[in-house]
Asks: 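My structure is below; once you've seen it, I'll send some questions.
In listed order, ligands and their atoms are each counted from 1. Positions are given from 1, in the same order as the sequence printed here.
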Amino acid sequence: MMDLLFKAMAKSLDLEENSFSGQFGDNPVMQVRFNFYPPCSKPDKVLGVKPHSDRSGLTVLLQDEEVEGLQIVKDERWITVPVIPHALVVNLGDQMQIMSNGIFKSPVHRVVTNTDKLRISVAMFNEAEPEKEIGPVEALIDDNRPRLYRNVKNYASFNYECFQKGKVALEEVKFHA
Ligand SMILES: O=C(O)CCC(=O)C(=O)O
Ligand SMILES: [Fe+2]
């Protein structure tokens, strides 16, 4: 399914259809994380997850059926992603932003807590095979749109290291001529 989606995304930019899907390699990784957010007496001071963009190519998220908490930045404000029963949230991650040379965006998001309800979510992260180098598709680099990112291996673990240190991974992989 992911493969089809990546092929469609490549076609939408007039690219050869394997431009993105080929970069995920023969053994792409699917990581699953179960998130558990207990009630919190100080939601104005404590976040469930601090602001980040996902390290994945693509994330599929099943939110709690009743409790909201996920927020994204839009027009410099935090907007709550509504809970829609039985619906999945599909989010693009950093690896797609890198491969598309910044055309597809990996949005910054966070999770807020609340005083009386616990919240759970399940996130699936589709990532390139770790040892495979990913980078901007050549056809998306030209004089009008210079290369934004360098090629990287093991981006998922690099992103996690940056997150722990309070650094923004996408900034750290910027290309400097
Ligand atoms: O719990 C959520 O709704 C989102 C969690 C999240 O952003 C993540 O696991 O990367
Ligand atoms: Fe996330």
Asks: In sequence, state the C-alpha distance, the side-chain angles, and the governing distance for V67 and Y37, and then conclude on side chain to side chain contact (heavy atoms under 4.5 Å, CB included).
Replies: CA-CA 10 Å; V67 187; Y37 309 98; over 6 Å; no

Asks: Which atoms from ligand 1 have a heavy atom of H109 less than 4.0 Å away?
Replies: 7 (O)

Asks: Same cluster for V108 and F158 if Ile/Leu/Val/Met/Phe/Trp/Tyr side chains link at under 4.5 Å?
Replies: no

Asks: Judged by atom type as modelled, is there a donor-acceptor pair below 3.5 Å linking the side chain of R145 to the main-chain atoms of N101?
Replies: yes

Asks: Could you work out, for atom 10 (O) of ligand 1, the closest of R33, K50, Q63, R110 by heavy-atom distance?
Replies: R33

Asks: Has V49 got any heavy atom lying under 4.0 angstrom from an atom of ligand 1?
Replies: no

Asks: Parallel, tilted or perpendicular for H52 and F163, by the 30°/60° rule?
Replies: perpendicular

Asks: Would you say R119 touches ligand 1, if touching means a heavy atom closer than 4.0 Å?
Replies: yes

Asks: To which protein heavy atom is atom 4 (C) of ligand 1 closest, and what is the distance rounded to 0.1 Å?
Replies: V111 CG2, 3.7 Å

Asks: Do NZ/NE/NH1/NH2 and the carboxylate oxygens of E66 and K117 come within less than 4.0 Å?
Replies: no

Asks: If the cut-off is 4.0 Å to any non-hydrogen atom of Y37, which atoms of ligand 1 fall inside it?
Replies: 1 (O), 2 (C), 5 (C)

Asks: One thing to verify: whether K11 and E17 come together as a salt bridge, which I'm taking to mean a side-chain N less than 4.0 angstrom from a carboxylate O.
Replies: yes

Asks: Can you give me the NE2-the Fe ion (ligand 2)-OD1 angle for H52 and D54, to 10°?
Replies: 90°

Asks: Do L5 and L61 share a hydrophobic cluster (ILVMFWY, side-chain heavy atoms under 4.5 Å, transitive)?
Replies: no

Asks: Short list, please: which atoms of ligand 1 are under 4.0 Å from a heavy atom of F125?
Replies: 8 (C), 9 (O), 10 (O)

Asks: Classify the contact between D54 and ligand 1 as side chain, backbone, both or neither, using a heavy-atom distance cut-off of under 4.0 Å.
Replies: side chain

